[in-house]
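Notes to accompany the following structure.
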Amino acid sequence: MALNTTALIVFVILFGLVTYMGFAASRWRKGDLDQLHEWGLGGRRFGTLLIWFLIGGDLYTAYTFIAVPAGLFGAGALFFFAVPYTIMIYPMVYIVFPRLWSVAHKHGYVTSADFVRGRYGNKWLALAVACTGLVATMPYIALQLVGIQVVIGAMGVETNGFVGDLPLIIAFVVLAAFTYSSAHDSPHNSY
Amino acid sequence: MSDNPDDHKPMRPVIWARLLLLVPFVAMLWVSSYNVAEPTIGGVPFFYWYQLGWIAISAVMIGFVYWLER
């Protein structure tokens, strides 16, 4: 396939911009990143508006913007499940989240495993929750990587063999670096 | 709402208002009530615009409950 120069330039510029913003984020409202709640939760001082955007970024992903419309286009009304599903999720979130936030803030919980350990006092249950979270994230990350590879392939870059994996490896290392160096959820909210 | 998390006041649950939050569940799970093509709006079948309409309705309901409880 011929190299699509226009698409490649747009991609590289956007990737550069997002990477720059990712690293810039580590200097914005900087806290002591050696503390887990500073690194993971921004020291809990993000405020209502920013949290609104972050929750939006968590809920509405590439799946919402690409997979669901594509499914609707290809398979029809079946994929409209995403709409009533979201309508029913928000009332539940309204009941649960403020209470969860208060309890987590009071006791200094950072992760769901912290919460389970504090609430049920069982470290094995907490470990199981932490492991489930890690394992459940794996296919999600794999999906993102396959998605990036498809995008890179669509621009006409070779995606077979080791050389074909190189753009993907570079993209992932950059994302991992700014997630490590800065803040809450960076790659997820950027893509 | 304040930007400072330490100012966060616990909400006072208003039970009758929270029952309102069940309405979107009833509406969305009762599929046979909206699984029809007519009437259309601008060519969009009832099935689609009805569900999209419930996004706005449920948002207003949650906003109302929040306004009562804050």
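It should be emphasised that the depicted structure is a prediction, and the values quoted were computed from it without experimental measurement. Residue numbers start from 1 in every chain, and the chains themselves are labelled A, B, ... in the order their sequence lines are given, proteins ahead of strands.
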Query raised in the report: Under 4.5 Å between side-chain heavy atoms, hopping through other hydrophobics if needed: is there a path connecting B:Val23 to B:Leu68?
Result: yes
Report task. Could you pull out the closest heavy-atom pair between A:Met88 and B:Pro24, with the gap in Å? Result -> CG-O, 4.4 Å
Requested in this report: Following the transitive rule for hydrophobic clusters with a side-chain heavy-atom cut-off under 4.5 Å over Ile, Leu, Val, Met, Phe, Trp and Tyr, establish whether B:Tyr48 and B:Ile57 coincide in one cluster.
Outcome: yes
Query raised in the report: Parallel, tilted or perpendicular: which fits the ring planes of A:Phe80 and B:Phe47, with parallel below 30° and perpendicular above 60°?
Result: tilted
Query raised in the report: For the hydrophobic clusters of this structure (ILVMFWY residues joined by side-chain heavy atoms under 4.5 Å, transitively), does one cluster hold both A:Val93 and A:Tyr85?
Result: yes
Requested in this report: Below 4.5 Å from any heavy atom of chain A, which atoms of B:Val31 appear? Answer side chain, backbone, both or neither.
Outcome: neither
Query raised in the report: Linking I/L/V/M/F/W/Y whenever their side-chain heavy atoms sit closer than 4.5 Å, directly or via other members, would B:Val44 and B:Tyr34 fall into one cluster?
Result: yes
Query - Cluster link A:Ile9 to A:Val12, ILVMFWY, side chain under 4.5 Å - result: no
Requested in this report: Please tell me if the side chains of B:Phe25 and A:Pro91 come closer than 4.5 Å, counting only heavy atoms from C-beta onward.
Outcome: yes
Query raised in the report: Out of B:Leu29, B:Leu52, B:Leu22, B:Ile62, which one racks up the most heavy-atom pairs below 4.5 Å with chain A?
Result: B:Ile62
**Report entry** Reported CZ-to-OH distance for the pair B:Arg18 and A:Tyr94, which is rounded to 0.5 angstrom
**Finding:** 5.5 Å
Query - CA sep, side-chain torsions, deciding dist, call: A:Thr86, B:Ile55, side-chain contact (heavy atoms from CB on, under 4.5 Å) - result: CA-CA 8 Å; A:Thr86 316; B:Ile55 295 175; over 6 Å; no
Report task. Could you walk me through whether A:Met92 and B:Leu21 pass the side-chain contact (heavy atoms from CB on, under 4.5 Å) test, one step at a time? Result -> CA-CA 8 Å; A:Met92 290 197 216; B:Leu21 299 179; over 6 Å; no
